[in-house]
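Structure, as structure tokens:
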Amino acid sequence: MIRQISVFVENKPGRLAAVTEVLSKNGVNIRAFTIADAGDFGIIRMVVDKTDEAYKALKEAGFTVRLTSVLAVEVEDKPGSLHRIAEALGDAGVNIEYVYAFTSEQHKALIIFRVNDVEKAKEVLERLGVLFKGEIK
Amino acid sequence: MYWNPAIERLSTEELEEIQERRLRSLVKTVYDYSPFYRKRFRDAGVDPSDIRSLEDLSKLPFTRKKDLRDTYPFGMFSVPLSQVVRFHASSGTTGKPTVVGYTANDIRNWVESLCRALVSCGVGSEDIMQIAYGYGLFTGGLGFHYAAERLGATVLPISAGNTARQVELMKDLGTTVIACTPSYMLYLSEYAEEMGVSIERDTNLRMGIFGAEPWSEETRKRIESKTGITAYDVYGTSELSGPLFTECAERQGIHVWADMFLIEVVDPETGEQVGEGEKGELVVTTLTKEALPLIRWRTGDITYVETDKCACGRTHPRIMRILGRSDDMLIVRGVNVFPSQIEHVLMQIPEVGEHYMIILDRREDGMDEMTIQVELSDRVEIDTTGDILRLEKKISERLKSVLNVWAKVEVVNPGTLQRFEGKAKRVIDRRKI
């Protein structure tokens, strides 16, 4: 499981910049990033190198922030990698609430999942040998 | 045309003579039968024998909505419950509802007052009157119903809502008069158009009696040009007895029947009476009410009074269009809403911070729209957009159950709503009335 930061932001000019300013000032590097949009507002989700510092700085700046543990899998950066996992989770009856992916020099392709049934998902992913157990650098 | 020509055309001196006599008797009655008023008079150092003429009126203490709430439900009643034949109650918008009781005479006088009013604006026994004010605890529906029946009109007691049916029956039954809120009339006419019905061409509707929310001359013109009907203003409050007074055909103010109600206009800050034609808060003393007589009742409505004789021949004073409220009450879609009540709901929801804004708009179709912006509490933790949408829905539902009116809720970032030094101004009313 890896730790993810979620931040609530209104859908208005300058709101994302307000978040990235805090991270930048605190020397936090963003490794993966996504925005879920719901009209008037959105949720920024990200995986960063210095999670605790980032959480504290955002909180102090007045943002609505949450730390969540999410599953990550490390797969070959090639066609069919995500499909294999999505299919296995689906067959096991696990619902994926959201998913996003990134690649980096240190890792192969990393896919981050939030699911409704973490234990079952872990089982499936371990069986496939793709569950990521390390630290995001 | 008059309903009660002898009384409606009494000279000012004769009316004052009746008012003085009734005031003396009222003061004595409430002092003898109501512990609430007895204590109030004693605290103010006034004895019933001090009230000899209308000039002595200002010696009497005011009563306010707060008094009705503090003595809920029956503390201000001045007759035993066995003599009460009906209750009405407010929606409980600021916490506790207020309960109003009526004796059989009170109902008769309510009907008398509104019959005079309806005849003065031209409703007669030939008319078919569609009553689209809410029935039930709200005083609008039943108030109009009894008066319209009493004067021999044909009543269509349809109540509020179900707009397609309103249009259909208006057309099929030949409705000539409608009573509803002005914003509902605008909505209804638009709805009719969508159904392919032109109120002007396809119905017999000739007039409407509109009230229960503030509205302007501009709205009057809009209603009249869209529908080809004549629009009249009605005044009443649930505490005084729902709808009581309307404009006469001259439409130069609303006649208040002086033999039944004694009116004053006071400076809302100081409580001092203001001069004729000057704006202030309307204060009403009920001269004939039995179950719940009100002495110097602060209505909260800002208006001014004209006492010169009206071209219609009626001698009773007229109040001019209500210009606003002296308290912070908002009227949204005809429903009384207090910001304090919204605050109360919000503060019970842990995910909500302490700052909020209330924004009121009026849509093209004349319907009010209320948006409540709330800041998230810094304690809340969210991870999905669903968390926020669920929170917005939860807040909306709680507000609806308390306010009886739907509000759109917008969650915003903590620290982004305006902060105030001193008195907060949390309402942005963008409606043009």
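So that the names make sense, note that chain A is the first sequence line, chain B the second, and so on, each numbered from 1.
Contact of A:Lys12 with chain B is not made at all, since no heavy-atom distance falls under 4.5 Å. Interface remark: A:Gln4 contributes side-chain atoms only to the contact with chain B (heavy atom separation under 4.5 Å). Proximity to chain B is limited to the backbone of A:Val65, based on heavy atoms less than 4.5 angstrom apart. Interface remark: B:Glu392 contributes side-chain atoms only to the contact with chain A (heavy atom separation under 4.5 Å). If you measure heavy-atom distances from B:Thr416 to chain A, the contacts under 4.5 Å come from the side chain alone. In this structure, chain B has a heavy atom under 4.5 Å from the side chain of A:Phe41, while its backbone stays farther away.
In this structure, B:Glu364 places its CD atom where only 12 or fewer heavy-atom neighbours from other residues, nucleotides or ligands lie under 6.0 Å away. For B:Lys394, the NZ atom sits in a packed shell: over 12 heavy atoms of surrounding residues, nucleotides or ligands are nearer than 6.0 Å. By the 6.0 Å contact criterion, NZ on A:Lys50 is enclosed, its count of non-hydrogen atoms from other residues, nucleotides or ligands being greater than 12.
Considering CD of A:Glu10 and CD of B:Gln373, their distance stands at 7.5 Å, rounded to 0.5 Å. With rounding to the nearest 0.5 Å, the separation of CZ in A:Phe8 from OG1 in B:Thr385 is 11.0 Å. Atom CG in B:Asp383 sits 4.5 Å away from atom CZ in A:Arg114 (nearest 0.5 Å). Atom CD1 of A:Ile43 sits about 5.0 Å away from atom CD1 of B:Ile388, to the nearest 0.5 Å.
Not a single donor-acceptor pair under 3.5 Å links the side chain of B:Asn413 to the backbone N or O of A:Thr64.
Across all non-hydrogen atoms, the minimal contact from A:Asp40 to B:Lys408 is OD2-NZ, 3.6 Å.
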